[in-house]
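Right, one structure below, let's go through it.
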Protein chains: 2
Amino acid sequence: MKDTDDKLTSRNIKPTAMRELVLDILTEQKMAISLSDLEQKFHKSDRVTLYRTLKTFEEKKLIHSIDDGTGAVKYALCKETCQCHPEELHVHFLCLKCQHTFCLSDIPIPSINLPVNFSVENINMVVKGVCSNCKD
Amino acid sequence: MKDTDDKLTSRNIKPTAMRELVLDILTEQKMAISLSDLEQKFHKSDRVTLYRTLKTFEEKKLIHSIDDGTGAVKYALCKETCQCHPEELHVHFLCLKCQHTFCLSDIPIPSINLPVNFSVENINMVVKGVCSNCKD
DNA sequence: AAGTTTATGCAACTGAGTTGCAAACTAATC
DNA sequence: GATTAGTTTGCAACTCAGTTGCATAAACTT
Ligand SMILES: [Mn+2]
Ligand SMILES: [Mn+2]
Ligand SMILES: [Zn+2]
Ligand SMILES: [Zn+2]
């Protein structure tokens with residue numbers, strides 16, 4: 001998996017077997033997945049290793065985390081060049097029927113006029129509703 | 001506490017001693033508080049009762065909850081007439097220094113153009129950064 | 001090869017949120 | 001005022017996500 005390795009090394013992450021595997025799984029996903037979801041994609045796996053792998057990936061901005069209020073943080077790949085700055089962030093969508101969490105990568109988070117002397121470092125915007133698949 | 005009672009009854013919540021007490025504490029707060037925060041305002045209290053009180057308050061839209069990603073949901077009073085519809089919602093702010101969560105009641109959540117056939121029921125928008133008190 | 005750093009696996013713990021159940025309390029009916 | 005029915009409260013116990021410590025294994029450094 002040369003391609004996978006490159007993605008890891010370009011983010012300064014040492015490409016171990018575990019990490020390649022996790023990155024490949026993340027790449028396959030159409031929606032954001034939680035640590036538990038990830039764990040279940042392995043037959044035998046250690047929760048803590050996966051946990052630390054996700055932490056590393058997030059620190060290095062290979063993935064971003066989404067707190068959609070369901071109780072489990074979800075993760076999804078960042079775009080190649082993403083540095084997760086406030087201007088680069090996108091809206092997320094939680095479907096209340098299928099419980100899937102989508103990256104609305106094309107929808108940037110609108111900028112906000114904060115009160116004076118408040119400064120932004122990060123923004124989490126989660127829209128909840130019904131997705132197109134679940135629309136009756 | 002006639003005023004407190006009125007607020008409760010107007011939202012169809014039976015005014016018990018516990019509920020009056022909790023509502024009074026919530027009314028005093030300048031920022032949103034968590035269940036644990038609330039618990040610590042009592043000398044002797046039962047976490048579960050407070051938990052259920054907050055749940056009831058939220059169901060009846062006397063308060064709204066804020067998931068600011070700190071691991072503990074915060075709560076704050078709604079405005080008198082609030083029905084917590086998407087158009088009525090406001091932005092929240094988490095200060096990464098003092099960890100306080102503010103209701104930016106004057107800043108409505110901007111409306112978003114969702115992909116076709118996606119519908120909104122609720123939105124959570126939390127801006128993280130440094131508040132005016134913590135600005136160095 | 002020996003030594004150093006980094007990653008992994010297992011056990012154990014924390015803390016938020018939640019449920020079940022019995023006792024206490026309230027409101028309604030006789 | 002006693003009887004009943006419905007609601008609220010308090011306590012115990014549990015779930016589950018997230019986290020830490022530590023010992024082993026693997027990967028780099030000299
Ligand atoms: Mn995303
Ligand atoms: Mn608020
Ligand atoms: Zn759906
Ligand atoms: Zn602050």
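Chain naming here is simple, since letters A, B, ... match the order of the sequence lines and numbering starts at 1 in each. This structure is a prediction, so every number in the text was calculated from the model and none was measured.
- Side-chain N/O atoms of A:S34 and A:K74 include no donor and acceptor closer than 3.5 Å.
- Ring geometry for A:F93 against B:F118 counts as perpendicular: the plane angle is over 60°, on a 0 to 90° scale with 30° as the lower cut.
- The nearest whole Å value for the distance from the CE atom in B:M18 to the P atom in D:dG10 is 6 Å.
- Residue contacts shown for B:R19 are limited to sugar-phosphate atoms, with no base heavy atom under 4.0 Å away.
- In this structure, B:R52 and A:G71 both approach DNA chain D, and ranking their closest nucleotides by distance from the 5' end singles out B:R52.
- For the residue pair A:D24 / A:T27, no side-chain donor-acceptor distance below 3.5 Å is found, with atom types taken as modelled.
- Looking only at side-chain heavy atoms (C-beta outward), A:T16 and A:R19 come within less than 4.5 Å of each other.
- Within 4.0 Å of B:S36, counting heavy atoms only, lie sugar-phosphate atoms of the nucleic acid but no base atom.
- Annotation: side chain of B:E87 is not in contact with side chain of B:P108 (no heavy-atom distance under 4.5 Å).
- Computed from coordinates, the B:Y51 OH to D:dT8 P distance equals 16 Å when rounded to whole Å.
- Summary of the strand contacts: A:T56 and A:S45 both lie near DNA chain C, and taking for each the nucleotide with the nearest heavy atom, the more 5' one is attributed to A:T56.
- When the P atom of D:dA17 is taken as reference, atom CD of A:Q40 falls 9 Å away, rounded to whole Å.
- One N or O on the side chain of A:T9 and one on the backbone of A:D6 form a donor-acceptor pair closer than 3.5 Å.
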(Q) I need a per-nucleotide contact map over nucleotides 25-30 of chain D, read 5' to 3'. Cutoff is protein heavy atoms under 4.0 Å; write B for the base, S for backbone only, - otherwise. (A) ------
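- For A:D46 and D:dT19, the CG to P distance is 15 Å, given to the nearest whole Å.
- In this structure, the side chains of A:S132 and B:P115 stay at 4.5 Å or more apart for every pair of heavy atoms.
- Residues A:E20 and A:K7 have side chains not in contact (no heavy-atom distance under 4.5 Å, counting atoms from C-beta outward).
- Applying the 3.5 Å distance criterion, the base of D:dG10 shares no donor-acceptor pair with the side chain of B:R47.
- Counting 5' to 3', DNA chain C first comes under 4.0 angstrom of a heavy atom of chain A and last does so at the ends given by C:dT6 to C:dA12.
- Between the side chain of B:R47 and the backbone N or O of B:E39 there is no donor-acceptor pair closer than 3.5 Å.
- Between its opening and closing five pairs, the helix from C:dA1-D:dT30 to C:dC30-D:dG1 changes axis direction by 20°, a value rounded to 10 degrees.
- Checking each of B:H92, B:E88, B:E58 against B:H64 for a side chain to side chain donor-acceptor pair (under 3.5 Å) leaves exactly one that passes, namely B:H92.
- A straight line from CG of A:D37 to C1' of D:dA17 spans 12 Å, rounded to a whole angstrom.
- Using a distance-only test at 3.5 Å, with no hydrogens or angles considered, a donor-acceptor pair links the side chain of A:R11 to the main chain of A:K61.
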